[in-house]
> 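Here you go, one structure.
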Amino acid sequence: MRAITISSPGDPEVLQVTDEPTPDIAADEVLVRVHAAGVNRADLLQRRGFYDPPPGATTIPGLEISGTIVSLGADVTGWSVGDRVAALLSGGGYAEFVPVPAGQLLPVPDGFDLTEAAALPEVLSTVWSNIVGRGHVEAGEWLLVHGGGSGIGTAAIQIANHLGVKIVVTVGSERKAEFCRNLGADAVINYRDEDFVERVREICIHEDGTTGADVILDIIGAKYLERNIKALNTDGRLVIIGMQGGTKTEINLGWLMQPRKSVSATTLRARPKEQKIAIVAEVADRLWPGVINGDIRPIIHETVPLSEAARAHQMLEDGANIGKVLLIVDEEGDKG
């Protein structure tokens, strides 16, 4: 099968199309012929040598795909050969075939575009597991999300609206700001022109007179840690899922203790399979109906042939994209 492999850590040009063995499947897995694969910042980190796959996972990048089941493991029930699916992966999406634990599949309904389905599993699972699973956000609370124009950000806006959560996002351009407002963000902050801490405290006002976000979903890391803590309301929860702004800094623990603020950090890829299956089940139950009825829709910046994976990575590094960049693996496949 054709696949994208990483010749050595480095710039996008190290991504190469190679011939690889078609993978075998375990008893609890299905083999999916990949139609499209989502490109995520975790893939960029892996390419640069900063984010190794979990033990036992393939080194082929790619954390989410859409496609069609071509074979079933001996213990798999509830799925059939020919079913159209989207899937959350630990790796392997940049290839013509990928094995997937059956519990990490989502059904792609008739009439839903199979290409667009590839934009959903990773972002929906990431946002859900962190703002709800770790941040415990509730309807009526304020959520701050950095990177509002990203795949994570555009998904978070729609999920917040779906849950009745008020959302403010940060962006780096007026083009992205306008898009996020139109998508449903309650407020947008241009971090290049405004201090997001001051603006959050002006925007996120609570009935008891306190100000600040109840939950923050952060992709920046060390660079924003102190400011994120200051932007939280009393009992606020900061969830860190990225390190674009570094990994090391210092904080005053007093900023956390008296106002009962909390900080947690996690990655989805490194979680045990059982946790991923549980998250996908929650997404299927709580968010997938919103996908089917159109309340939550995939935001696609551009689709790129698998052979041009390097160009897709460069798009994300340039930061001009709004929403997801997808690799088209099976250019002749069913597009729904």
Side-chain angles (χ1 to χ4, degrees), residues 35-36 38 40 63-66 83-88 104-171 176-188 203-204 213-217 219 239 241 268 278-303 321-326 335-336:
H35 171 65
N40 292 280
L63 301 178
E64 60 185 344
I65 56 96
S66 64
D83 284 349
R84 299 177 346 130
V85 295
L88 177 70
Q104 293 173 213
L105 297 170
L106 291 161
V108 176
D110 292 340
F112 195 93
D113 190 284
L114 190 58
T115 298
E116 293 185 343
L120 294 170
E122 173 74 12
V123 291
L124 295 188
S125 297
T126 296
V127 174
W128 175 267
S129 63
N130 284 290
I131 70 171
V132 176
R134 298 186 73 87
H136 305 291
V137 74
E138 297 180 356
E141 289 191 315
W142 277 102
L143 169 67
L144 167 64
V145 176
H146 293 295
S150 67
I152 291 290
T154 53
I157 291 168
Q158 298 179 84
I159 292 171
N161 290 337
H162 187 70
L163 298 176
V165 172
K166 294 175 286 188
I167 183 167
V168 53
V169 299
T170 63
V171 297
K176 291 185 177 181
E178 182 178 3
F179 187 93
C180 291
R181 291 188 196 100
N182 291 336
L183 191 60
D186 294 282
V188 181
I203 294 165
C204 305
D214 298 293
V215 177
I216 298 177
L217 185 64
I219 60 173
V239 185
I241 61 169
L268 178 60
I279 290 168
V280 170
E282 291 177 358
V283 168
D285 180 54
R286 298 293 303 277
L287 299 181
W288 211 242
V291 171
I292 293 171
N293 67 24
D295 288 346
I296 300 171
R297 59 188 178 90
I299 306 299
I300 311 298
H301 177 74
E302 189 169 337
T303 60
N321 61 294
I322 295 178
K324 300 283 294 192
V325 175
L326 301 178
K335 299 183 180 181

> Under 4.5 Å between any side-chain heavy atoms of Val280 and Ser125, yes or no?
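In contact.
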> To the nearest 0.5 Å, what is the distance between CG (Leu105) and CZ (Arg84)?
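The distance works out to 14.0 Å.
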> For the CD1 atom of Ile167 and the CD1 atom of Ile203, what is their distance to the nearest 0.5 Å?
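The CD1 atom of Ile203 is 12.0 Å from CD1 of Ile167, to the nearest 0.5 Å.
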> How long is the span from the CG atom in Leu183 to the CD1 atom in Ile157, to the nearest 0.5 Å?
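It is 5.0 Å, given to the nearest 0.5 Å.
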> Is there side-chain contact between Val132 and Glu282, with at least one heavy-atom pair below 4.5 Å?
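Result no, sub-4.5 Å side-chain heavy-atom pair not found.
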> Report, as yes or no, whether the 6.0 Å neighbourhood of atom CZ on Arg181 holds more than 12 heavy atoms from other residues, nucleotides or ligands.
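More than 12 within 6.0 Å, yes.
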> Shortest non-hydrogen contact from Val239 to Asn130?
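What the structure gives for the nearest pair is CG1-OD1, 3.4 Å.
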> Would you indicate whether the side-chain heavy atoms of Leu163 and Trp128 approach each other to under 4.5 Å?
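With C-beta onward as the side chain, the pair touches.
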> Within the 4.5 Å heavy-atom criterion, are Phe112 and Pro298 side-chain neighbours or not?
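Phe112 reaches Pro298 side chain to side chain.
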> For a side-chain contact (heavy atoms from CB on, under 4.5 Å) check, start with the C-alpha distance between Asn40 and Thr126, then their side-chain angles and the critical distance, and finish with the verdict.
CA-CA 11 Å; Asn40 292 280; Thr126 296; over 6 Å; no
> Looking at Lys324 and Glu122, does any basic side-chain N land under 4.0 Å from a carboxylate oxygen?
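So Lys324 does not pair with Glu122 through a salt bridge.
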> Would a 4.5 Å heavy-atom cut-off, applied to side chains only, mark Glu64 and Leu120 as touching?
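Contact flag for Glu64/Leu120 side chains = no.
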> Answer yes or no: are there more than 12 heavy-atom neighbours, outside Glu302 itself, under 6.0 Å from its atom CD?
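Enclosed: over 12 neighbouring heavy atoms sit under 6.0 Å from CD of Glu302.
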> Would you confirm whether Gln104, through its side chain, and Ala87, through its main-chain N or O, come within 3.5 Å as a donor-acceptor pair?
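Checking the backbone N and O of Ala87 against the side chain of Gln104, no donor-acceptor pair under 3.5 Å is found.
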> Supply the atom-to-atom distance Leu124 CG to Leu106 CG, rounded to the nearest 0.5 angstrom.
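Rounded to the nearest 0.5 Å, the CG-CG separation comes out at 8.0 Å.
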> For a 4.5 angstrom cut-off between non-hydrogen side-chain atoms, does His136 reach Asp214?
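No, side chains not in contact.
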> Do you know which two heavy atoms are closest between Ala284 and Pro289, and how far apart they sit?
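Taking Ala284 first and Pro289 second, the nearest heavy atoms are O-CD, 3.3 Å.
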> Please name the pair of heavy atoms, one in Ala119 and one in Ile300, separated by the smallest distance, quoted to 0.1 Å.
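For Ala119 and Ile300, the tightest heavy-atom pair comes out as CB-CD1, 3.4 Å.
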> Quick one: side chains of residues 137-149, donor-acceptor pairs under 3.5 Å with protein atoms, not counting sequence neighbours, listed by atom name and distance.
unit_1	atom_1	unit_2	atom_2	d
Glu141	OE1	Glu138	N	2.9
Glu141	OE1	Arg237	NH2	3.0
His146	ND1	Thr170	OG1	3.1
His146	NE2	Asn228	OD1	2.8

> Side chain of Arg134, backbone of Ser129: donor and acceptor closer than 3.5 Å?
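Not confirmed, Arg134 side chain does not pair with Ser129 backbone.
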> Using modelled atom types and a 3.5 Å cut-off, is there a donor and acceptor pairing between side-chain atoms of His162 and backbone atoms of Arg286?
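Side chain of His162 to backbone of Arg286: a pair is present.
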> CD1/Ile159 to OG1/Thr154 distance, rounded to the nearest 0.5 angstrom?
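These two atoms lie 9.5 Å from each other.
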> For the CD1 atom of Ile131 and the CG atom of Leu217, what is their distance to the nearest 0.5 Å?
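Output value for this atom pair is 7.0 Å.
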> Is there side-chain contact between Ile65 and His35, with at least one heavy-atom pair below 4.5 Å?
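No. Closest side-chain heavy atoms not under 4.5 Å.
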> Which heavy atom of Asp186 sits nearest a heavy atom of Lys166, and at what distance?
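Closest heavy-atom pair between Asp186 and Lys166: OD2-CA, 3.3 Å.
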> Looking at every non-hydrogen atom in both residues, tell me the closest pair between Cys204 and Ala213 and how far apart they are.
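Shortest heavy-atom separation between Cys204 and Ala213 comes out as CB-N, 4.2 Å.
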> Is a side-chain donor or acceptor of Asp285 paired with a backbone partner of Ala281 at a separation under 3.5 angstrom?
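Side chain of Asp285 to backbone of Ala281, a donor-acceptor pair under 3.5 Å: no, none is there.
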> Heavy-atom distance under 4.5 Å between the side chains of Phe179 and Ile299, does that happen here?
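In short, these two side chains touch, coming nearer than 4.5 Å.
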